[in-house]
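The next block holds one structure in the form of structure tokens; read it before the comments.
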Amino acid sequence: MLLEIDNITLLYGRIQALHGISMQVEQGEIVALIGANGAGKSTTMRAISGLRPIASGRIMFEGEDISNVRADLRVIRGISQSPEGRGVFPGMTVRENLDMGAYTRKDSAAIAQDLDRVMDLFPRLKERERQQGGTLSGGEQQMLAVGRALMSRPKLLLLDEPSMGLAPMLIQQIFTIITEINQQGTTVLVVEQNAQQALSRAHRAYVLETGNIVKSGTGPDLLHDPAVKAAYLGVA
Ligand code: ATP
């Protein structure tokens, strides 16, 4: 088991956003986390990456308790997040943004290899290597955010709403790239509003409702689950 979340709770002041959720991600999987607005999807990602402390429960990574490990040290251990809303550095070029993704690493030969891999995955970024991040289109910024997260060579890639704001064709493309990244050996946990795409690409998925996991199963099982269809896939 790569990631094991055991009964975690998380508070924003007096507001309880997570009410004791448990989930697992196995090495090599794509796992999706779906749910409505405000369900706690981004909060779960922040708990895993260490951007918000949990109030109780435990987060295990590669068999070690990382619940109290600092966010930057979790990156070094192999957890990398591509945040919702993209978060590229607007005043830096595409190349500089990608270099920032590798800031915790010193293995320059392997960094160069990973840069080539990211450029292969996203030819659009290669064409725009010297362009400032802030001037990229929304879809290009999304690609850059994913590319930057990959530059830390993560064992676990956390993607928060990778399809947000993208045109339908680009949504397909970004999910195809996520599948490729996974096939190249990276385990992926993806949060998505686009449940259809996420469930059809994921090995397994969890459904989050108001801070609780209410359902889990294989991607295909949940795609065909009547309650999931009605609530998240827009079909009765
Ligand atoms: P969306 O799909 O809309 O992004 P989400 O499932 O990612 O939703 P979260 O962003 O995790 O939801 O929010 C979960 C709950 O926690 C919401 O009720 C939200 O209002 C609350 N929340 C999130 N961040 C904060 C914060 N910094 N302070 C107070 N409450 C917060």
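One-based numbering, in listed order, for ligands and for the atoms of each.
- Note: no N/O pair closer than 3.5 Å links Arg52 and ligand 1 by distance alone.
- Taking a cut-off of under 4.0 Å to the non-hydrogen atoms of Glu161, the atoms of ligand 1 that pass are 2 (O).
- Within the structure, ligand 1 lacks Met45 among the residues with a heavy atom less than 4.0 angstrom away.
- Within the 4.0 Å heavy-atom shell around ligand 1 one finds Gly40.
- Atoms of ligand 1 found under 4.0 Å from any heavy atom of Asn37, numbered from 1 in the order shown, are 1 (P), 2 (O), 3 (O), 8 (O).
- Distances below 4.0 Å separate heavy atoms of Lys41 from the following atoms of ligand 1: 1 (P), 2 (O), 5 (P), 6 (O), 7 (O), 8 (O), 11 (O), 12 (O).
- Side-chain contact between Gln193 and Tyr232 is absent, with no heavy atoms from C-beta onward closer than 4.5 Å.
- Relative to atom 9 (P) of ligand 1, the option among Leu208, Thr43, Asp160 with the closest non-hydrogen atom is Thr43.
- Between Ile59 and Ser67, the shortest heavy-atom contact is N-OG, 3.0 Å.
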Exercise for review: Show your working on side chain to side chain contact (heavy atoms under 4.5 Å, CB included) between Ile66 and Met60 and close with a plain yes or no.
Suggested key: CA-CA 6 Å; Ile66 59 159; Met60 306 283 289; over 6 Å; no

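- Less than 4.0 angstrom separates some heavy atom of Ser42 from each of these atoms of ligand 1: 4 (O), 5 (P), 7 (O), 10 (O), 11 (O).
- If you number the atoms of ligand 1 from 1 as listed, the ones under 4.0 Å from a heavy atom of Ala36 come out as 6 (O).
- Within the structure, the closest approach of Gly13 to ligand 1 does not fall below 4.0 Å when heavy atoms are considered.
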Point to revise | Pair Asp72-Thr104, side chain to side chain contact (heavy atoms under 4.5 Å, CB included): steps then yes or no | key: CA-CA 8 Å; Asp72 56 330; Thr104 57; 6.0 Å; no

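- Here is the list of ligand 1 atoms found below 4.0 Å of a heavy atom in Ala17: 16 (O).
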Exercise for review: Go through the steps to decide whether Gln173 and Met143 satisfy the test side chain to side chain contact (heavy atoms under 4.5 Å, CB included), and finish with yes or no.
Suggested key: CA-CA 10 Å; Gln173 230 181 66; Met143 295 175 196; 4.1 Å; yes

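- Between the side chain of Asn97 and the backbone N or O of Thr93, at least one donor-acceptor pair lies under 3.5 Å.
- A 4.5 Å side-chain heavy-atom check between Asp221 and Leu223 finds every atom pair outside the cut-off.
- A salt bridge links Glu140 and Arg128; the closest N-O separation between the charged side-chain nitrogens and carboxylate oxygens is under 4.0 Å.
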